[in-house]
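A quick write-up on the structure given underneath.
Side-chain atoms are counted along with the backbone in the values below, which use heavy atoms only and exclude waters and symmetry mates.
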Amino acid sequence: MFRSVTAAVSLATLVFAAPALAHHPMGGTTPATLSEGLLSGFGHPILGFDHFIFILAAGLLAAPRARGLLLPLAFVIGSFAGSLLHLGSITIPGGEYLIAGSVILLGALLLSPRAINDGLFAAILAVAGLLHGHALAESIFGAEATPLVAYLAGLAATQYLIAAAVVLAWRKITVINSLPQFNRFAGAGVAAVGAVFLALNIAG
C-alpha cells in the first residue's frame, strides 16, 4: 500500500506541476467549432488529473452496488449544472480546494469498511459534480452556442463512459481474481492524490 500511495503522490505532483494548458485539449484556446467543442469535452475530464481520478474512484465505489451503472449519472448531472453556473458567471468560492477535498472524500470512502447508502452516495456525487463541472467549464467560457453544446455533450458522455467502464471492469476482475481488498488499496492512492492537490492549491 505504501508503494501505491508514494506512486500516486509522485504522479499527482508531476501532473499538477505541468503547465496548466496541458490540461486543455485545445491548448487553452476557446473552441470555435463543433468538432473543437467535442474534442475539448472528450479530453478535458481525462487531461484534468484530479477530475479523472475522482471519476475512477466514483466508478470503484459504484461497482459493488446494484445501481452501479446508474449512480455515476448523479455526477454527470451535477457536472452539467455546475458548468451552467459557470457559464452564467456564478462563482463558487474555493472551488479548487473543494474539488481536492472531494477527491480525498472518495478516497476515504474507498478505505472505509462501511458503505454509505445509495441516496447519500448519489448526493455526494451530485455536489462533487457541481464543483467539477464548474471548474471544467472555464475552458468553454465565452464560446458560441454550437461548440458550447458540443463541449457539454462530449464532457457528459466521457465522464459517464469512464465511470461505467470502471464499474464493468471492477465486476469482471473481482469475479475472476477475487480482489475484495482492491478498493481499499485504490482508496489510499486516491486520498493521497487529493491531499497533494489540496496542498499544492494551498501553497499556490
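The two residues Val167 and Gly68 come nearest to each other via the heavy atoms CG2-O, 3.6 Å. Heavy-atom minimum distance, Pro31 versus Ala143: O-CB, 3.8 Å. Considering every non-hydrogen atom in both Leu111 and Gly187, the closest pair reads CG-C, 3.9 Å. The minimum heavy-atom distance linking Ala62 with Arg171 is given by the pair O-NH2, 4.4 Å. The two residues Pro64 and Asn183 come nearest to each other via the heavy atoms CG-ND2, 4.4 Å. Across all their heavy atoms, Leu110 and Ala186 have their closest contact at CD1-C, 4.4 Å.
Neither Leu161 nor Ile46 shares a network with the other; the hydrophobic side chains, linked directly or stepwise wherever heavy atoms of I, L, V, M, F, W or Y lie under 4.5 Å apart, form separate groups for each. The hydrophobic cluster containing Phe54 also contains Leu105, counting ILVMFWY residues as joined when their side-chain heavy atoms lie under 4.5 angstrom apart, directly or transitively. The hydrophobic cluster containing Leu136 does not contain Val76, counting ILVMFWY residues as joined when their side-chain heavy atoms lie under 4.5 angstrom apart, directly or transitively. At a threshold of 4.5 Å between side-chain heavy atoms, the hydrophobic network of Ile, Leu, Val, Met, Phe, Trp and Tyr places Phe52 and Leu106 in one connected group. When hydrophobic clusters are built by joining Ile, Leu, Val, Met, Phe, Trp and Tyr residues whose side-chain heavy atoms come closer than 4.5 Å, directly or via intermediates, Phe49 is grouped together with Val166.
Using a 4.5 Å heavy-atom cutoff, the side chains of Leu168 and Leu69 are in contact. Side chains of Leu60 and Val190 form no contact here, defined as non-hydrogen atoms less than 4.5 Å apart. The shortest side-chain heavy-atom distance between Pro45 and Leu155 falls under the 4.5 Å cut-off. When side chains are defined from C-beta on, Asn117 does not count as touching Phe121, because their heavy atoms never get closer than 4.5 Å. Counting only heavy atoms from C-beta outward, the side chains of Ile124 and Leu109 approach each other to under 4.5 Å.
Side-chain atoms of His44 and Ser139 form a donor-acceptor pair, as typed in the model, at a separation below 3.5 Å.
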Q: Show your working on side-chain contact (heavy atoms from CB on, under 4.5 Å) between Phe197 and Ile53 and close with a plain yes or no.
A: CA-CA 11 Å; Phe197 274 81; Ile53 290 297; over 6 Å; no
Q: Would you sort out whether Leu130 and Ser79 count as a side-chain contact (heavy atoms from CB on, under 4.5 Å), showing the intermediate values?
A: CA-CA 5 Å; Leu130 191 77; Ser79 177; over 6 Å; no
Q | From CA spacing to verdict: side-chain contact (heavy atoms from CB on, under 4.5 Å), Ile104, Val193 | A | CA-CA 8 Å; Ile104 295 173; Val193 168; over 6 Å; no
Q: Decide side-chain contact (heavy atoms from CB on, under 4.5 Å) for Glu36 and Thr30; before the verdict, give the C-alpha distance in whole Å, the side-chain angles of both, and the deciding distance to 0.1 Å.
A: CA-CA 9 Å; Glu36 289 180 355; Thr30 302; over 6 Å; no
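Distance check, rounded to the nearest 0.5 Å: OG1 of Thr158 to CD1 of Ile162 gives 6.0 Å. Distance check, rounded to the nearest 0.5 Å: CZ of Phe141 to CG of Leu148 gives 10.5 Å. Remark: Leu200 CG to Glu96 CD distance equals 11.5 Å, nearest 0.5 Å. Taken from NE2 in His132 to CG in Asp50, the straight-line distance is 6.5 Å, to the nearest 0.5 Å.
No donor-acceptor pair closer than 3.5 Å links the side chain of Thr91 to the backbone N or O of Pro93. Between the side chain of Ser83 and the backbone N or O of Gly133 there is at least one donor-acceptor pair closer than 3.5 Å. For His134 (side chain) and Ala81 (main-chain N/O), no donor-acceptor pair under 3.5 Å exists by modelled atom type. When atom types are taken as modelled, the side chain of Ser102 and the backbone of Ile99 share a donor-acceptor pair closer than 3.5 angstrom.
Tyr160 has its ring centre no less than 6.0 Å from the ring centre of Phe75.
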